[in-house]
Structures are given as structure tokens and as C-alpha cells.
Peer 1: 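Take this structure first; my questions come after.
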Amino acid sequence: MPEILEAEQARALVAAAALDREIASVHAPDAWFCKRGATPTGVRRALTGRTLTEARRRGKLLLVDTSADGPVLGLHLGMSGRILVDGDGAGDPLLYASNRDEPAWRRFGLRFADGGTLYLRDPRRLGAVELDPDEDRLGPDALTLTRARLAAVVTPSAAPVKAVLMDQSRIAGLGNLLTDEALWRAGIDPARPARTLGPDDVAGLHRAIRSTLRTLGRRGGSHTGDHMPGRVPGAVCPRDGAPMLRRTVGGRTTYSCPVHQH
DNA sequence: GATGACCTGTGA
DNA sequence: TCACAGGTCATC
């Protein structure tokens with residue numbers, strides 16, 4: 001569930017509440033959760049005594065700079081992760097993930113010298129902590145996606161347009177729900193080969209992505225879309241009342257309207 | 001580019 | 001008891 005909107009909320013929370021506080025200790029109980037070469041010991045050594053200086057984001061990946069030429073702390077929310085600072089959270093309240101404060105779900109955390117804390121709580125354990133992440137493994141951020149860039153990504157690909165939009169190396173930040181919402185808004189069939197989209201389709205899709213991110217961002221998250229009521233078996237299209245089509249496209253469960261999406 | 005595995009809470 | 005949710009990575 002955490003897609004770009006939830007990651008942005010988490011980034012804003014870290015920026016507002018967790019910067020410039022000395023890290024007294026690091027809670028890294030789960031070696032499996034440390035990815036791409038990071039280890040609990042390594043992370044502990046790298047962060048203890050430093051402060052967080054800036055919170056950035058690329059797609060769904062949180063990037064936190066640290067003081068004194070320290071490493072960049074990379075945090076990924078996976079599918080059920082949430083950031084909590086001093087016990088207060090930001091991001092996806094609970095759609096698939098429980099909101100209980102189960103200590104075992106604190107996969108990673110910082111205790112500050114002032115007594116406060118930052119935690120990454122992730123019941124399903126699919127998030128990640130890494131050091132100095134390779135930011136270029138991700139494409140340009142979806143929140144600043146230009147129409148030209150979208151066209152450059154969509155035009156050459158024979159894959160379903162949904163698969164292209166969700167490919168993080170092409171565009172970073174769009175997940176299953178936001179992609180379905182944007183295609184539903186644009187009236188484009190998720191399974192349509194990307195290269196069959198003409199300039200008008202691309203322009204419309206670009207507008208739909210922007211309106212999706214702006215509107216759902218204001219409402220509070222990826223699960224607040226107009227398309228959501230149609231994401232239930234047996235549901236009808238919220239726009240025109242036609243029975244929704246449920247398929248797997250690009251490896252993910254996909255709901256679309258067979259009447260207005262072509 | 002498509003598929004399955006990873007992991008685990010939830011709900012039927 | 002089991003299908004399903006879903007981001008990402010390894011493998012085909």
C-alpha cells in the first residue's frame with residue numbers, strides 16, 4: 001500500500017520532527033531487514049552519534065542524509081511499513097496493515113539522546129533498511145513526471161501500459177493502486193500495449209497521473225481514489241456502473257472498467 | 001517481460 | 001485452513 005504518497009508523508013514527518021537530534025542508539029533487531037549489504041552492526045556503527053540532516057525521497061524510497069559525512073540512510077516501507085516519530089505516525093493508516101503498536105513489528109529504529117524515537121513499523125516485514133542506496137536504480141520521481149518523459153517511457157514498450165507505469169526503474173513511485181486509478185481516470189485499458197498509445201493518449205494519461213497524485217495526496221493517501229469502490233469482486237464502475245473487470249496485469253491484481261477504458 | 005518467492009496479518 | 005494483499009528481486 002505505501003506508494004509514493006505515503007512515502008512522501010513519511011518524508012515530511014521525518015523532515016519536520018526527526019532532524020538535528022543526536023542518535024543515541026540504533027535498534028536493528030532483524031538482520032534480514034537490512035538489505036543490499038547492510039548489517040545491524042554496520043548500521044549501528046554508521047549512525048550512532050550522528051544526526052539526521054535532511055529527508056529526501058525518490059519514488060517510494062526514503063533517503064535520509066546524516067551528519068559528519070555519514071552515510072545516506074535508505075528506508076523502504078515495503079507494503080505495510082509506517083514511520084513513527086516519538087510514537088506518532090504518518091502515512092497509510094490501515095487498509096491491509098494493522099495499526100497496533102506491536103513491539104515485534106519495529107523492524108528498525110533510532111533512539112535519540114533527548115529520549116525520543118523514530119521507528120519503522122512493518123508487520124509484513126517486506127520493507128528494508130540500507131546504507132548509501134543506489135538512487136539511480138530508480139527512474140524520475142512520479143511527482144515531477146513530465147509529459148515528455150512519460151512519452152519517452154511509454155512509446156517504445158510493447159508491455160502492458162500498466163507494467164510500464166509500475167516499473168520503478170522507468171518511473172519511480174507508482175504502485176498498484178495509483179496506477180489503476182490513473183488509468184481508470186484516463187480511460188485507458190491497463191493491458192493495452194504501451195506503444196499503441198498515441199500522443200493524445202499520452203497527454204491524457206499524463207493529466208490523469210497528475211490529477212491522481214494531487215487529489216489523492218490532498219485526501220490523504222493511495223487508497224482514497226475514486227476508483228477504490230470498484231476494487232471489490234462484483235463491484236461496478238464508480239463512473240458508469242458497468243461491472244468491473246478483475247484480471248492480473250503486469251503481475252498484479254487489476255480492476256478496470258470494460259466500458260470506458262480502452 | 002512474465003512468473004514465482006519472499007513474509008505475515010487478515011478475513012472468509 | 002487457505003487465499004490474498006503487495007513492492008521488489010531472482011529466475012526463467
Side-chain angles (χ1 to χ4, degrees), chain A residues 1-11 29-38 57-63 74-83 91-108 120-130 133-139 141-142 153-183 190-196 216 221-225 227-235 244 246-255:
Chain A
M1 286 291 312
E3 301 185 25
I4 191 170
L5 300 175
E6 288 73 25
E8 172 55 24
Q9 290 175 22
R11 185 209 62 78
D30 188 351
W32 188 88
F33 203 75
C34 299
K35 297 292 170 63
R36 295 174 190 274
R57 182 191 53 72
R58 180 136 163 191
K60 307 168 190 173
L61 180 64
L62 229 59
L63 301 156
L75 299 174
H76 203 291
L77 301 178
M79 92 149 246
S80 62
R82 260 189 112 176
I83 298 289
D92 200 1
L94 68 144
L95 191 51
Y96 299 117
S98 168
N99 198 23
R100 273 182 293 133
D101 184 20
E102 190 71 52
W105 294 345
R106 297 172 186 168
R107 309 296 178 185
F108 176 77
L120 199 176
R121 181 163 80 207
D122 182 10
R124 267 162 234 187
R125 214 174 160 220
L126 284 172
V129 174
E130 57 183 313
D134 171 21
E135 303 177 24
D136 290 330
R137 71 176 190 251
L138 299 169
D141 192 84
V153 158
V154 159
T155 305
S157 175
V161 60
K162 172 164 177 172
V164 173
L165 296 180
M166 289 204 310
D167 181 343
Q168 302 299 299
S169 69
R170 290 177 161 120
I171 300 168
L174 301 179
N176 198 30
L177 298 181
L178 292 176
T179 304
D180 272 6
E181 173 87 17
L183 290 166
R192 190 167 149 195
R195 64 160 64 123
T196 67
L216 277 55
S222 307
H223 58 285
T224 61
H227 171 267
M228 282 304 285
R231 301 189 66 82
V232 188
M244 290 289 275
R246 180 188 193 273
R247 295 172 288 177
T248 296
V249 178
R252 304 249 70 99
T253 300
T254 301
Y255 289 90

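Excluded from the calculations below are hydrogen atoms, water molecules and symmetry mates; all remaining heavy atoms, backbone and side chain alike, are included. A, B, ... follow the sequence lines: proteins, then strands. Residue 1 opens every chain.
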Peer 1: Hey, does A:Arg195 reach any base, or is it just sugar-phosphate, or nothing, if we go heavy atoms under 4.0 Å?
Peer 2: nothing
Peer 1: OP1 or OP2 of C:dT8 less than 4.0 angstrom from a side-chain nitrogen or oxygen of A:Lys60, does that happen here?
Peer 2: yes
Peer 1: With DNA chain C as reference, determine whether A:Tyr255 or A:Leu61 sits nearer its 5' end, using the nearest nucleotide of each.
Peer 2: A:Tyr255
Peer 1: For B:dG1, does either OP1 or OP2 sit under 4.0 Å from a side-chain N or O belonging to A:Ser157?
Peer 2: yes
Peer 1: What's the separation between atom CG in A:Asp141 and atom CZ in A:Arg58, rounded to the nearest 0.5 Å?
Peer 2: 8.0 Å
Peer 1: Nearest whole angstrom, please: distance from the P of C:dG6 to the CZ of A:Arg231.
Peer 2: 6 Å
Peer 1: Whether A:Arg125 contacts C:dG6 is assessed here as follows: a side-chain N or O lying under 4.0 Å from the phosphate OP1 or OP2. Is that the case?
Peer 2: no
Peer 1: Of A:Asp167 and A:Trp32, whose nearest nucleotide on DNA chain B comes first from the 5' end?
Peer 2: A:Asp167
Peer 1: Closer than 4.0 Å, any side-chain N/O of A:Thr253 to the OP1 or OP2 of C:dA5?
Peer 2: yes
Peer 1: Grab the two heavy atoms, one from A:Leu77 and one from A:Pro2, that are nearest each other, plus how far apart they are.
Peer 2: CB-CB, 3.8 Å
Peer 1: With side chains defined as the heavy atoms from C-beta onward, is the minimum distance between A:Pro156 and A:Arg195 less than 4.5 Å?
Peer 2: no
Peer 1: Between A:Leu174 (CG) and C:dG7 (P), how many Å, whole number?
Peer 2: 11 Å
Peer 1: Can you check whether A:Arg124 has a side-chain N or O nearer than 4.0 Å to OP1 or OP2 of B:dG9?
Peer 2: no
Peer 1: Give a yes/no answer on whether the side chain of A:His76 brings an N or O atom under 4.0 Å of OP1 or OP2 in C:dG7.
Peer 2: no
Peer 1: A:Trp105 side chain N/O closer than 4.0 Å to the phosphate oxygens (OP1, OP2) of B:dG9?
Peer 2: yes
Peer 1: Could you tell me how far apart A:Asp180 (CG) and C:dG6 (C1') are, to the nearest whole angstrom?
Peer 2: 12 Å
Peer 1: Which heavy-atom pair separates A:Glu130 from A:Leu61 by the least distance, and what is that distance?
Peer 2: OE2-CD1, 4.1 Å
Peer 1: 5'-most contact on DNA chain B: A:Ala163 or A:Arg107, nearest heavy atom basis?
Peer 2: A:Ala163
